[in-house]
Amino acid sequence: MKKLSQQQALKLAVDTLMASGGFFGGNTMSSSTFTWNNSFVHFVPIIFPKAVSLTSIQYSITSGSFTGKLGIYSANSNGSPDSLEVESALQSSIGTGYYSAGISTTAVAANTLYWLAIAQGDTSSSVGLRAMKNDAQGGNYVYITDISNFNALQIRTSVQVGTDTALPTTITTSELESLYGLHPMMGVGF
């Protein structure tokens, strides 16, 4: 049996990339919870260090049950979420735990900004997701209205879209807002 080099072993062991880590600051899990009970689409930035084919979107529910949609958006020339690349099938009443929602295999380019999206469906019950650690988010890519709200940590749609059926296929900059809060901890599998 051939012994693998450390680099080969690491390559085989890594199959998930955390969103909002790496280029965007820390990747430490928080004991805090990202909680919401609306149908806004929340976005988390991600850049891939090499071209890969994605097969899943991963997340962790800490409380409640989730119905809604997960997706990946490309970025426009200004860097904001733009076009829906792929979305998951409806996640129906998924309870507490770690989940990997399968998506159609989707190729992404290296060193290119994408956005993971998560939206609760038409239900209004509170859902809690594990959050990225607050003090490790200093480098996150966010829009702000002025320097006084430099600690804004979320970007989301400004209108509730009711997403039991589908995520919006395109997002315009005028449909986005930033606000202070935690980022949901999300990742992608390949």
Side-chain angles (χ1 to χ4, degrees), residues 18-21 23-25 32-47 54 57-94 99 101 103-104 106 108 112-132 134 137 139-146 148-188:
M18 294 297 296
S20 194
F23 290 112
F24 300 104
S32 300
T33 300
F34 169 80
T35 304
W36 86 110
N37 61 351
N38 57 55
S39 296
F40 294 112
V41 182
H42 294 265
F43 298 97
V44 183
I46 190 166
I47 292 178
L54 306 179
I57 299 174
Q58 300 169 11
Y59 57 102
S60 174
I61 296 176
T62 59
S63 62
S65 62
F66 174 61
T67 66
K69 289 288 192 174
L70 302 160
I72 300 172
Y73 282 83
S74 60
N76 66 20
S77 59
N78 294 322
S80 63
D82 185 32
S83 297
L84 181 65
E85 298 289 314
V86 67
E87 69 180 0
S88 76
L90 176 65
Q91 303 298 298
S92 180
S93 298
I94 302 296
Y99 293 96
I103 56 173
S104 299
T106 303
V108 292
T112 302
L113 176 65
Y114 291 87
W115 294 88
L116 297 188
I118 188 165
Q120 186 172 347
D122 296 327
T123 60
S124 60
S125 59
S126 291
V127 178
L129 297 182
R130 189 166 303 282
M132 295 294 289
N134 196 15
Q137 292 184 319
N140 279 339
Y141 185 98
V142 295
Y143 285 95
I144 61 174
T145 54
D146 60 56
S148 68
N149 74 344
F150 68 93
N151 60 350
L153 299 175
Q154 284 184 15
I155 184 168
R156 71 179 191 189
T157 54
S158 56
V159 294
Q160 294 181 321
V161 294
T163 53
D164 271 341
T165 54
L167 289 171
T169 55
T170 57
I171 302 289
T172 63
T173 303
S174 63
E175 296 171 330
L176 295 171
E177 66 180 359
S178 64
L179 65 159
Y180 179 76
L182 296 169
H183 269 169
M185 188 182 79
M186 298 177 71
V188 289

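Residues passing the side-chain contact (heavy atoms from CB on, under 4.5 Å) test with V159, sequence neighbours excluded: V161. Taking the salt bridge (Lys or Arg N to Asp or Glu O under 4.0 Å) definition, one finds that E85 meets it with nothing, sequence neighbours left out. Applying the side-chain contact (heavy atoms from CB on, under 4.5 Å) rule to E87 yields the partners K69, L84, A166, L167; only residues at least two apart in sequence or on another chain are considered. With sequence neighbours excluded, the residues that form a ring-ring contact (aromatic ring centres under 6.0 Å, His included) with F34 are W36, H42. Scanning for side-chain contact (heavy atoms from CB on, under 4.5 Å) contacts around T112 gives A109, Y114, with sequence neighbours left out. For the side chain to side chain donor-acceptor pair (under 3.5 Å) test, no residue two or more places apart in sequence or in another chain qualifies with S77. Every residue two or more places apart in sequence or in another chain that forms a side-chain contact (heavy atoms from CB on, under 4.5 Å) with T35 is listed here: T33, S126.
Taking CG of L54 as the reference point, atom CD1 of I46 lies at 7.5 Å (rounded to 0.5 Å). Note that CZ of R156 and OG of S39 are 11.0 Å apart. Values are rounded to the nearest 0.5 Å. Taking CD1 of I171 as the reference point, atom OG1 of T157 lies at 6.5 Å (rounded to 0.5 Å). Between atom CD1 of residue I72 and atom CE of residue M186 there is a gap of 8.5 Å, rounded to the nearest 0.5 Å. Taken to the nearest 0.5 Å, the CG atom of L129 stands 9.0 Å off from the CE atom of M185.
When all heavy atoms of D82 and A75 are compared, the pair lying nearest together is CB-C, 3.9 Å. Closest heavy-atom contact between P184 and I118: CG-CG2, 4.2 Å. Among all heavy-atom pairs drawn from Y73 and P81, the shortest one is CB-CB, 4.4 Å. Closest heavy-atom contact between L113 and P45: CD1-CB, 4.0 Å. Residues S158 and S174 come closest through the heavy atom pair OG-O, 3.9 Å. The two residues W115 and G79 have their closest heavy-atom pair at NE1-O, 3.0 Å.
Under the 4.5 Å side-chain criterion, counting only non-hydrogen atoms from C-beta, Y59 is in contact with F66. At a threshold of 4.5 Å between non-hydrogen side-chain atoms, the residues T173 and N76 count as touching.
With hydrogens and angles ignored, the 3.5 Å screen pairs a side-chain donor or acceptor of T62 with a backbone N or O of G128.
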